[in-house]
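Atoms considered below: every heavy atom in the structure, side chains included; atoms not considered: hydrogens, waters and symmetry mates. All values derive from a computational prediction rather than experimental measurement. Counting starts at 1 for both ligands and their atoms, following the listed order.
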Amino acid sequence: MTGKKVIAIYPGSFDPVTFGHLDIIKRCLELFDTVIAAILVNKDKQPLFSPEERLEMMRDAITDFGPRVETIYFDGLLVEAARQHNANVIIRGIRAVSDYEYELQMALMNRKLAPDIETVFLVPDQKYSYLSSRLVKEVFSCGCTPECLVPDAVARRLIQKYNLSR
Ligand code: ADP
């Protein structure tokens, strides 16, 4: 191994961040020197939370991980954001076979655009394999507020968004 630092960029909507995302970040810390959670500011998508809210929730959720985890916004091409932040690895989480086809397409496109940046797929703990931001929003929007899906600060924001009480 060379002494080169491995910086991983973990892109996503994180609308909102879930325990599944945090499980992936924790795994990254075992493998890489730095992990950058990169929040996609996609103007075509209609996220529930603004980029600022998503960043605040992520920042709050990663405080216990220490200084090797950072969070940023990005817009446009992921490989450009990766270059800007000197990342040499892209991380994506794979939950089930259904994630694979889209992720493979994206990984191969990113390789075309930036052959020097490697995509690494990580698998979360089995207990998070059913978990997605979309499902979390669905559950909370129906008035259910389970504690096992998202950090407490995120649950509080969801409760506020949907005018619920716990
Ligand atoms: P995107 O819109 O890019 O899919 P997400 O925030 O939904 O953004 O997901 C970001 C990344 O995290 C993706 O690689 C996704 O597969 C992964 N991911 C999402 N939920 C989980 C989970 N429960 N366990 C592991 N990986 C996950």
Side-chain angles (χ1 to χ4, degrees), residues 6-32 34-62 64-65 69-82 84-85 87-111 113-114 117-141 144 146-155 157-158 161:
V6 185
I7 301 174
I9 189 164
Y10 178 34
S13 309
F14 304 113
D15 183 41
V17 58
T18 70
F19 285 140
H21 296 129
L22 296 175
D23 180 285
I24 295 291
I25 293 175
K26 212 180 294 172
R27 285 167 203 284
C28 286
L29 283 173
E30 300 290 322
L31 299 168
F32 311 112
T34 302
V35 187
I36 303 168
I39 295 171
L40 176 63
V41 182
N42 188 341
K43 294 184 181 75
D44 298 337
K45 269 195 180 175
Q46 276 294 326
L48 177 65
F49 292 102
S50 70
E52 293 74 22
E53 289 173 307
R54 286 182 275 147
L55 186 93
E56 278 169 27
M57 285 186 280
M58 179 60 84
R59 197 164 274 165
D60 196 78
I62 62 178
D64 287 350
F65 292 143
V69 186
E70 300 163 18
T71 184
I72 58 160
Y73 299 117
F74 83 101
D75 198 1
L77 277 183
L78 170 62
V79 290
E80 272 171 20
Q84 265 170 25
H85 295 272
N88 27 25
V89 170
I90 293 170
I91 300 298
R92 295 291 287 175
I94 297 271
R95 285 158 292 190
V97 178
S98 49
D99 280 336
Y100 183 70
E101 194 166 344
Y102 172 68
E103 294 296 341
L104 179 67
Q105 247 180 34
M106 208 161 69
L108 291 174
M109 178 55 81
N110 284 332
R111 179 178 283 162
L113 300 173
I117 300 178
E118 208 60 67
T119 296
V120 173
F121 295 132
L122 292 177
V123 176
D125 189 295
Q126 205 175 314
K127 66 177 179 273
Y128 301 127
S129 60
Y130 64 92
L131 185 53
S132 68
S133 300
R134 184 183 56 79
L135 250 151
V136 166
K137 285 180 277 190
E138 256 176 57
V139 168
F140 275 78
S141 72
C144 216
E147 285 173 8
C148 55
L149 309 180
V150 292
D152 217 42
V154 175
R157 297 239 190 186
L158 283 160
K161 278 272 179 214

Any donor-acceptor pair under 3.5 Å linking the side chain of [X] with the backbone of [Y]?
| X | Y | result |
| --- | --- | --- |
| Arg54 | Leu40 | yes |
| Thr18 | Leu149 | no |
| Arg95 | Tyr128 | no |

Item checked: Exceeds 12 heavy-atom contacts within 6.0 angstrom, atom NZ of Lys26 ->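 It does not: Lys26 NZ has 12 such atoms or fewer within range.
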Next item on the list: Sort out the contact shell of ligand 1: every protein residue with a heavy-atom distance below 4.0 Å, listed by chain and number.
Entry: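 Residues near ligand 1: Tyr10, Pro11, Gly12, Ser13, Phe14, Gly20, His21, Ile24, Lys45, Arg92, Gly93, Arg95, Glu103, Pro124, Tyr128, Leu131.
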Next item on the list: Show the numbers, then the answer: is there a salt bridge (charged side-chain N to carboxylate O under 4.0 Å, His left out) between Lys137 and Asp15?
Entry: CA-CA 9 Å; Lys137 285 180 277 190; Asp15 183 41; 2.9 Å; yes
Notebook entry, point to check: Tell me, do Phe14 and Thr71 make a side-chain contact under 4.5 Å, heavy atoms counted?
Noted result: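 Not touching, per the 4.5 Å side-chain cut-off.
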